[in-house]
Amino acid sequence: MNTQNSNFIKGIIDRDLADGTYKSIVTRFPPEPNGYLHIGHAKSVVLNFGLAEEYNGRCHLRFDDTNPETENEEYIRSIKETVAWLGFDWGEHLYFASAYFEQFYKYAQKLIKDGKAYVDSQNETEIRENRGTVNEPGKPSLYRNRTVEENLALFHEMREGKYRNGEHVLRARIDMASPHMILRDPLLYRIKHAYHYLQGDDWCIYPMYDFAHPLEDAIEDVTHSLCTLEFDTNRVLYDWVLENCLKPEELPTRPHQYEFARLNLTYTIMGKRKLLRLVNENLVTGWDDPRLPTIAGLRKRGVPAAAIREFCRSIGVTRTESTVEMSHFEHVLRDHLNFIAPRINAVTEPLKVVITNFPEGKTDWVEGSYWPRDVDKEGSRKIPFTRELYIERDDFRENPPDGFYRLAPGREVRLRYGYFVTCEKVVKNDAGEIDYLECTYDPETRGGDAPNGRNPGGTLHWVSAMHGVPAEFREYNRLFKSADPESGDEDFTEHLNPGSLTVVRGYVEPDVREHPTDERFQFERIGYFWQDPDESTPDHLIFNQIVPLRDTWTEKEGTESQAEIEQKRRERELEKQRQRERSSAGDRYPWEDLSGSQRVTFQRYVDEYSLDRENAAIIARDDDLSGFFEEALTAYENASAVAKWMVNKLLAVHKETPVNQMKVSPEQFGAYVEMISTDVISTRAADDVFDEMLETGDDPSDIVEREGLQQVSDEGALEPVIEKILADNPDKVERYRDGQKGLLGFFMGQVMRETGGTANPELTKEILSQMLNN
RNA sequence: UCGGGGGUCGUCUAAUGGCAAGACCUCGGCCUUUGGCGCCGAUAAUUGGGGUUCGAAUCCCUGCCCCCGAGCCA
């Protein structure tokens, strides 16, 4: 799992560092202190602090404490502790948004002075109603045109506490008709007569997130401000605030916001309110219930911080909404624990075994390694073997089913590191339940090997009845029965798994006492456990199961039959069919929605230049594009070709940088198309030429001349190159001849690379196929 | 409906115009003093349609589906 993880954010950072935008990076983890951290936050913590580590930058821990009504110090304490536990150090970089209140206030005054903010005195309902909807524009407030002086005075009075909650707000003056709801004069400040746990009663106006956050980032010289996807729509305001508050010279190094998908996990929930409900309604034992995805819960359960970090790194960072399977988390956990957890034995549901031919009162101390072969670690302990033992109830069957190779009447098994034993008799109580087993052991098999090479099918774990330490075991299962408990109309609590906690009592081998109380063990054949940090005592050991061992024997509930798989396949096929129908039912053509004048242009292109209807419409519907097109024709009169290359090459760039801001002139583009159409350059080299044109604004002919990109259509020149490539890749040639025709693309790519893209592709392909086929 | 974002094996993630790859899950096998670990193998994907190109998951057009946005929350 040590893949060299990259992601789109690292791509951005690499770019920013390479082009000198920033000298080094600064990230931040900005929790609001109004809840406990969960594994979703851990993703963000690991991302932000991890990036800072990797790039030798720094990461700030900043509390976004702009709403005193919901936040408190206990959360601050807990969050700090959790981030530290996760293994990250913010050093001196601990910050609070509330410490910047004075600066925010000054920025707000600046906006007012610049006519970009005003005090609105509508009430909450009016503001909401006048905001409009996604389909209707909002209406400007009556107070929108107050003078700067009036606004300044009012705002000052708001701060002075002259007004009650809700009487006034400060709003940015942007655009009440914007299709971005966020830009319809967003609120910057509201009046809250509330005690702030850090600022006391100093303030009765508090900034909104959208105003405060970008400024916090800027104040701290944050470079990359990472947040989750739902803030995507806020970014336009983030940028507005910075561009309108900062000094021009500060803008080049200002922070930028990037969004990534939040973490979702199957069989659990991550929402603050829902988590809170579970706690408040006593459906779990508290915020640190080991079944919860909270860091506190995971920690109490015994999940090491390193495993959480590893998990967070393994899932990647993208912009696609995703739900990671719990089994993946469990895999990472086991993978980690496998190397750090010494093995010992514990019997969680004991069945007594009496070894009838073993002397009463005798203890035989056998040796057992802490580590299996595959873990490169040393160490072992002595395990007491006695006449009376416990084995796991599940490890015995009176009537063993097929494939069961544990203990059964008359059968011999190995007791791990002990002896081979054979079940001679099943002793039952009056109720007909199995009371205990009578077995005999083979003294020749001490340690678990038979001198004659005999090898029983099963190996069982066991604990001496005389020496075993009684213990309670808490086995945790998934909190919800459903992979997606939040879907469906019913309340999510209805999906709670009644079997999420099983408490059983059994025995642990005495060596457990020789270990630190926070040691994580693998109880062989059961799972990974550790002592509950709060409740376990020397007199009453309580073990929490961190994660069970993978079990490939017990019947799985979720596995599907062949028929079900087939059924699914059919359903998918059907769904594809329906999708096809829906898609074609809605099909449109680009010429369907042209305005009057565009329609005229379109018609002219079709009639006069015989353009393809689609290309004609695409160019005609954009005035910049049609202007560019017609000018390009003055340099090269082949209209179809110009149109085609415009649509297929220029359009992608035009979306970012409109054609009239590009360095490429229409005449240059015309000349460029001519070079392609007349075979002066290959379509492959055309890409490079175009990139160069975009960057330098040079004439295509100059670029081609300079870089020697003229197309090579001479067989004599191409053949040696191709021969060499084939000779260098004999394995690929063989695979191609064996039928892997897709490799032609590989060879084409090689030739193109070798020739700087100048090879005539058709000709190359022809020669290539010829050579490969004999 | 308007604006924004997204859509690659069941799941998560690669492939930055050139061999659709890896991991988890599932299934088979090998190995085994843990029915663990490990190893080998199998199943399995580019959202539909059209276009550009020698070559498209990637570029263009056009649908379909999903998520976010109308808090004085963050």
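From a predicted model like this one, the values you see are computed outputs, not experimental measurements. Throughout, a chain's letter reflects where its sequence line sits, starting with A, and its residues are numbered from 1.
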Just to confirm, is there a sub-4.0 Å distance from OP1 or OP2 of [N] to any side-chain nitrogen or oxygen of [X]?
| X | N | result |
| --- | --- | --- |
| A:Lys741 | B:rG18 | no |
| A:Arg550 | B:rC37 | yes |
| A:Ser584 | B:rG48 | no |
| A:Ser322 | B:rU13 | yes |
| A:Arg578 | B:rG63 | no |
| A:Thr554 | B:rG35 | no |
| A:Arg190 | B:rA74 | yes |
| A:Arg131 | B:rG71 | yes |
| A:Lys644 | B:rU53 | yes |
| A:Lys576 | B:rU46 | yes |
| A:Arg525 | B:rG36 | no |
| A:Thr233 | B:rG3 | no |
| A:Arg373 | B:rG38 | no |
| A:Lys655 | B:rC60 | yes |

N/O donor-acceptor pair, side chain [X] with base [N], under 3.5 angstrom:
| X | N | result |
| --- | --- | --- |
| A:Arg128 | B:rG71 | no |
| A:Gln522 | B:rU34 | yes |
| A:Ser583 | B:rG63 | yes |
| A:Glu581 | B:rG48 | no |
| A:Asn234 | B:rG69 | no |
| A:Asn615 | B:rG51 | no |
| A:Arg684 | B:rC54 | no |

Examine [X] together with [Y] and report whether their ring centres are nearer than 6.0 Å.
| X | Y | answer |
| --- | --- | --- |
| A:Phe521 | A:Phe529 | no |
| A:Tyr419 | A:Phe385 | yes |
| A:Tyr189 | A:Phe155 | yes |

Given side chains that start at C-beta, do those of A:Val712 and A:Thr755 come closer than 4.5 Å, heavy atoms only?
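Side chain of A:Val712 against side chain of A:Thr755, heavy atoms only: no contact under 4.5 Å found.
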What class does the angle between the rings of A:Phe231 and A:Tyr209 fall in, given that below 30° is parallel, 30 to 60° is tilted and above 60° is perpendicular?
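Ring orientation, 0 to 90° scale: tilted.
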Side-chain donor or acceptor of A:Asn130 paired with backbone N/O of A:Gly138 under 3.5 Å:
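Pair absent, no side-chain N/O of A:Asn130 close to backbone of A:Gly138.
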Remember a base hit wins even if backbone is also touched, and classify [X] as base, sugar-phosphate or nothing at under 4.0 Å, heavy atoms.
| X | value |
| --- | --- |
| A:Asp587 | base |
| A:Ile315 | sugar-phosphate |
| A:Pro372 | base |
| A:Asp687 | base |
| A:Glu230 | sugar-phosphate |
| A:Leu187 | base |
| A:Gly138 | nothing |
| A:Asn760 | nothing |
| A:Ile182 | nothing |

Do A:Glu392 and A:Arg406 meet the salt-bridge criterion of a basic N to acidic O distance under 4.0 Å?
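No.
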State whether A:Tyr370 and A:Lys377 meet the cation-pi test: NZ (Lys) or CZ (Arg) under 6.0 Å from the six-membered ring centroid, and within 45° of the perpendicular axis.
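The answer is no, since A:Lys377 fails at least one limit relative to A:Tyr370.
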When the P atoms of B:rA56 and B:rG49 are considered, how many whole Å apart are they?
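To the nearest whole Å, 15 Å.
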Suppose you measure atom C1' in B:rG6 against the same atom in B:rU58; what distance do you get, rounded to whole Å?
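Taking atom C1' in both B:rG6 and B:rU58, they lie 16 Å apart.
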First encountered from the 5' end of RNA chain B, between A:Glu762 and A:Ile127:
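Per heavy-atom nearest nucleotide, the more 5' residue is A:Glu762.
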RNA chain B: A:Asn338 or A:Lys43, which has the more 5' nearest nucleotide?
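Nearest nucleotide further toward 5': that of A:Lys43.
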